[in-house]
Amino acid sequence: RLYNHPCEDNSDYGPLLCGLRVAAMEEIKTLRARIAELQEALKPFAKSADGYDPNVGDDEATAMVMFKIGELRAARLALEK
């Protein structure tokens, strides 16, 4: 048994599988944070779409919308990471 190891209580995991499990959980945590960051950056754009429902002429229609410069920069920064 591994002393004070995250998988210590689960005898079904060998040391290698346990290490992989811990690494996968950390990656999931990182990816969830990244998804939340990107969702937050998209909110102003999604909110602007509310004024264009129902979806009519999506492929050819253009929209005139105004965004705060900070919203544009936040979106750019989120995509640059």
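Evaluation of the side chain to side chain donor-acceptor pair (under 3.5 Å) test over residues 63-81, restricted to residues two or more places apart or in two chains, returns E37-K81. For residues 19-39, no residue pair satisfies the ring pair (Phe, Tyr, Trp, His ring centres under 6.0 Å) rule, not counting sequence neighbours. Residue pairs meeting the salt bridge (charged side-chain N to carboxylate O under 4.0 Å, His left out) criterion with at least one member in residues 22-31: none, sequence neighbours excluded.
Closest approach of S48 to V65, counting heavy atoms only: CB-CG1, 3.9 Å. Minimum interatomic distance between A41 and A74 (heavy atoms only, all atoms of both residues): CB-O, 4.1 Å.
When the side chain to side chain donor-acceptor pair (under 3.5 Å) test is applied to K47, no partner is found at least two apart in sequence or on another chain. Residues passing the side-chain contact (heavy atoms from CB on, under 4.5 Å) test with L72, sequence neighbours excluded: F45, F67, I69.
Other residues sharing the hydrophobic cluster of M25, ordered by chain and number and joined by side-chain separations under 4.5 Å: I28.
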